[in-house]
Amino acid sequence: MNQIAIKMLMGDKGKYLGIVLGLTFASFVMTQQPAIFLGLMARSYSFISDTGLPDVWVMDPKVQFIDDIKPLQETQLYRVRGISGVEWAMPLYKGLLKARLSNGTFQTCNVIGLDDTTLIGGPPIMLEGSLEDLRRSDGIIVDIDGATDKLAKISDQPGAAKIPLKVGDNLELNDRRAVVVGISKVTRTFQSQPVVYTTYSRAKNYAPRERKLLSFVLVKAKPGQNLQELTRRIRDNTGLVAYTNEEFKTVTYEYFLHNTGIPINFGVSVLLGFIVGAAIAGQTFYSFTLENLKQFGVLKAMGTSNWVLLRMILLQALLVETLGYGLGVGLTALFGYAMRNTILAFKFPWQLLIFTGAGVSIICALAALISILKVIRLEPAIVFKS
Amino acid sequence: MNEDKPAVCCRNVTKIYDTGGQKVTALNGINLDIALGELMMLVGPSGCGKTTLISIIAGILDQDSGSCELFGENLLTMSSQRKLQFRAQNIGFVFQAFNLLPALNAAENVSVPLIINGVKRVTAEKKAIEVLEKVGLGARWRSLPAQLSGGQQQRVAIARALVHNPRLIVCDEPTSALDHTSGMNIMNLFKAVALQHDRALVVVTHDARIFEFADRIAEMDDGHVVQVQTNQPLVAQRH
Ligand SMILES: Nc1ncnc2c1ncn2[C@@H]1O[C@H](COP(=O)(O)OP(=O)(O)OP(=O)(O)O)[C@@H](O)[C@H]1O
Ligand SMILES: [Mg+2]
C-alpha cells in the first residue's frame, strides 16, 4: 500500500510539484531569514569574537554593549593588574575618529589602540604586513573592506573604479599623519566602518584630548583560574564591571535584541514565511487529498482500513516534507554561499536546521491531519456516486 | 458457508437519508434473495434506490432497519475490522466511472484487491496479469488508465473485481459510460469470465439493451422491489 501511496502522490505531477515547492519556499524563508538575523546579531559582537586572546573584559559599569564606550582612568589598569588570578592585563583603546582622505573628504573610522609592547588585541587575520609593523612610526593597519571601499581613493578619471588604500599610503587621523603598514581582515561589524588598528599611545595622540581614554582592560586569567571568581574579584576590587568573552557577547547581543527593531522585523518575515508556506503547501496537499477522495473511497470500499489509509497519507506528507525541507535548506545554504563575500550578514548554525525542520513538520502534520480527518470520515458509499 | 442459503438475503431493509432535516426514504422495506451462480439485475427509474441497495448489499452502507445477510452473515453486527476483512475477501466492485487509480498501470490497478488482502506485490502483479489476459488485455498491462479506451478501462475494472476470486460482485451501471457496442462487449465478457456456480453477480442498470444478460431482473420503484422476473429464455438456454 505504501507503494500505491507514493504512486498516487507522484501521479499528479503538477500538484506534487506545487506541494513540494510550497514547502521549499516555506523552509527557505524560515531558514534564510533567521540566518540573516543571526548573522546580523553576530555582527554586534564580532569585535569581541575577533579579539580572542583575553579571557575577561573590564569596563565602566554603565557600558551596555561593545560600541558603547565609557572611558576609564588609566590608573584602573594598574588596579586590575594587582588583582590575584590575573596573568596579565592590557589596555585597549576603541573609538570613532575622523580620517581625512587624500581628496579631502572625511571618513569616520573605528580606531583600535593596542598595548604598545605586546600588541594584544590585534586583528584576527593579516593579509599584508604583520602586526609587528605597528611599531614603525605612525603605523596603522587598515581592514581590507575599509581599504577597498570607504577609505579607497577616488580616481582622477570620472567613472573609473576606486583605487584601494595600499601599504605605504598616508592618511590623516585628526590632523596627524598615519601610514598604512598592513592590511587586515576582520569580521564585519554592525556599523561597517573601516577598522584601523594602531598602538595605544598613538591612538591617544590621534584621539581628541580627554582626561580619560582607556576604553577596556583586557585580562588574561592565570591557568586554572575560575573565571567567575575572577570577574567577581575584579568587580569587588575596582568597582568596574568584568565580563568573560561569552558574557560580554551576550550583553551586547541582548542590547541589540531589546533596543532595536531587528528581531521584530525578522520575526515577522519568518512568521510570514511560515504562514505563506503553510498556506501554499497545506492547501495544495489538502486539495490533493480532496481530489483523490474518490480513490481513497475505492480503497476503503475494497476493504482498506482507516489505519492503513492514515499511514498512506502520513507517508505522502513525510515524503513531500523531506523533499521540501531538503530543497529549502539546500537553497538557503547555496544562498549563504553565494553571498559569502558580500556585505550581507549570514549565519547558519545547526540549531537553525532543527528550527526549520520543526516548522516544516508542523505545516505537514497540519496538512496531513486535516486530510486524514477527511478520509477517515469518508463514507465508502461515495464510490457509487458519479 | 451454508450452501443452501442464498448469497444475499434482504428482509425489510429500509434506508432513510437525513440531509439537514430533510428526510429521504431511499429504501422502504426491501425483500430480495440473490442466489449463488446467478446474475441478478436491479432496474428501475432514477432515484428509486438501486445504488443505495447495492451499497448495503456490498457492506459499504448501513441500513436503518431490516436485515441483510451475505452468505449467512450479518454485516451490521460485525466489528468494523471484521467487516473490512469480509469485504476485502468476498466482494468485487465494478463502477460506472471505472474508478481505476490513475497513477497506477493496469496490472497495478488489478493487483490492489490482492495487496489489500496481504498478498505480496510481485505475486499480486503476476496474478493480475493472468486475469488481464482473461479479459483480453494481457498485452496492455503496463498502460495507465488514461492510455486506455473506456471499454478497455472497464475491462481492467472487471479484472480488478475478479482477481481475488470474490463470492459476490456488484456493478453499478457498468455500461452507462460506454457506447452500445462496447457495452455489449463488456457484458458478454463479464458473463463469460465472472459467472461461476459459487458466485453471485448483481448489476444495477437502466440500460434496457443489456437486460438480456440477466438471469433474473428485480424491478424497483420508489424504494420497493415491485417484481422479480426470471429471464426464461436465458435460463432455459443454460439448462
Ligand atoms: N448520500 C445521500 N444523501 C441524501 N440522499 C441521497 C443520498 N444518496 C441517495 N439519496 C437519495 O436517495 C434516493 C435513492 O437514490 P439512489 O442513488 O439509490 O437512486 P438510484 O436508483 O441509484 O438512481 P440513479 O438511477 O439515478 O442512479 C434518491 O432520492 C436520492 O436523491
Ligand atoms: Mg444509481
Side-chain angles (χ1 to χ4, degrees), chain A residues 1-20 284-285 287-313 315-317 319-320 323 371-373 375-386, chain B residues 15 17 26 50-56 58-62 80-105 108-109 111-118 121 124-125 144-146 157 160-161 163-164 166 170-173 176-177 204:
Chain A
M1 295 310 276
N2 292 346
Q3 204 112 20
I4 295 176
I6 293 170
K7 287 220 163 118
M8 267 172 90
L9 176 68
M10 300 192 180
D12 190 343
K13 295 259 159 22
K15 274 267 153 60
Y16 177 56
L17 213 70
I19 305 168
V20 171
T284 345
F285 189 80
S287 81
F288 161 79
T289 309
L290 276 192
E291 259 173 43
N292 290 336
L293 217 52
K294 191 81 173 262
Q295 299 181 41
F296 284 118
V298 170
L299 293 176
K300 219 171 176 173
M302 293 197 292
T304 310
S305 67
N306 278 334
W307 168 240
V308 171
L309 293 174
L310 181 146
R311 258 182 22 212
M312 289 173 72
I313 293 175
L315 178 71
Q316 292 172 336
L319 200 80
V320 290
L323 266 173
S371 299
I372 286 165
L373 284 180
V375 169
I376 283 180
R377 288 213 204 98
L378 178 69
E379 282 287 343
I382 67 139
V383 291
F384 284 131
K385 298 270 177 303
S386 43
Chain B
K15 177 73 192 177
Y17 290 109
K50 304 181 295 290
T51 298
T52 305
L53 181 57
I54 61 161
S55 300
I56 290 172
I60 55 176
L61 188 68
D62 291 339
S80 58
Q81 193 56 43
R82 171 85 189 93
K83 197 158 142 186
L84 281 172
Q85 199 189 353
F86 187 87
R87 275 208 312 260
Q89 288 169 352
N90 294 299
I91 300 175
F93 292 89
V94 177
F95 309 98
Q96 175 177 355
F98 322 133
N99 286 349
L100 300 172
L101 307 193
L104 306 188
N105 68 30
E108 289 164 342
N109 260 297
S111 61
V112 168
L114 293 174
I115 291 172
I116 292 175
N117 277 302
R121 203 168 57 88
E125 279 181 28
L144 293 174
R160 179 174 67 178
V163 73
H164 53 309
V170 292
C171 314
D172 195 13
E173 311 273 7
S176 313
V204 165

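Chain letters run A, B, ... following the sequence lines, proteins first, then strands; residues in each count from 1. Every heavy atom of this structure was used, including side-chain atoms; hydrogens, water molecules and symmetry mates were not.
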A/Glu379: what forms a salt bridge (Lys or Arg N to Asp or Glu O under 4.0 Å) with it, not counting sequence neighbours? none
Quick check against the 3.5 Å criterion: does B/Arg87 have a side-chain atom that pairs as donor or acceptor with the backbone of A/Ala301? yes
Which atoms form the tightest heavy-atom contact between A/Leu315 and A/Asn2, and what is the distance? CD2-O, 3.6 Å
Just to verify, which of B/Val112, B/Ile115, B/Ile60 counts as forming a side-chain contact (heavy atoms from CB on, under 4.5 Å) with A/Met302? B/Val112
Contacting region of B/Leu101 [heavy-atom separation from chain A under 4.5 Å]: both
Is a side-chain N or O of B/Glu108 found less than 3.5 angstrom from the main chain of B/Asn105, in a donor-acceptor match? yes
For the candidates B/Gln85, B/Arg121, B/Glu173, which exhibits the highest count of non-hydrogen atom pairs separated by less than 4.5 Å from chain A? B/Arg121
Using a 4.5 angstrom heavy-atom cutoff, name the option from B/Thr52, B/Thr51, B/Asp172, B/Ile116 with the most pairs to chain A. B/Ile116
Answer yes or no on whether B/Lys15 is positioned over the face of B/Tyr17, meaning its NZ or CZ is under 6.0 Å from the six-membered ring centre and within 45° of the axis. yes
B/Asn117, B/Ile54, B/Ile91, B/Asn99: which one forms the most heavy-atom pairs within less than 4.5 Å of chain A? B/Asn99
Contact origin within B/Gln89 toward chain A - heavy atom pairs under 4.5 Å: neither
Residue, of B/Ala103, B/Pro113, B/Ala177, that accumulates the most heavy atom pairs under 4.5 Å with chain A: B/Ala103
Proximal component of A/Leu299, with respect to chain B [non-hydrogen, under 4.5 Å]: both
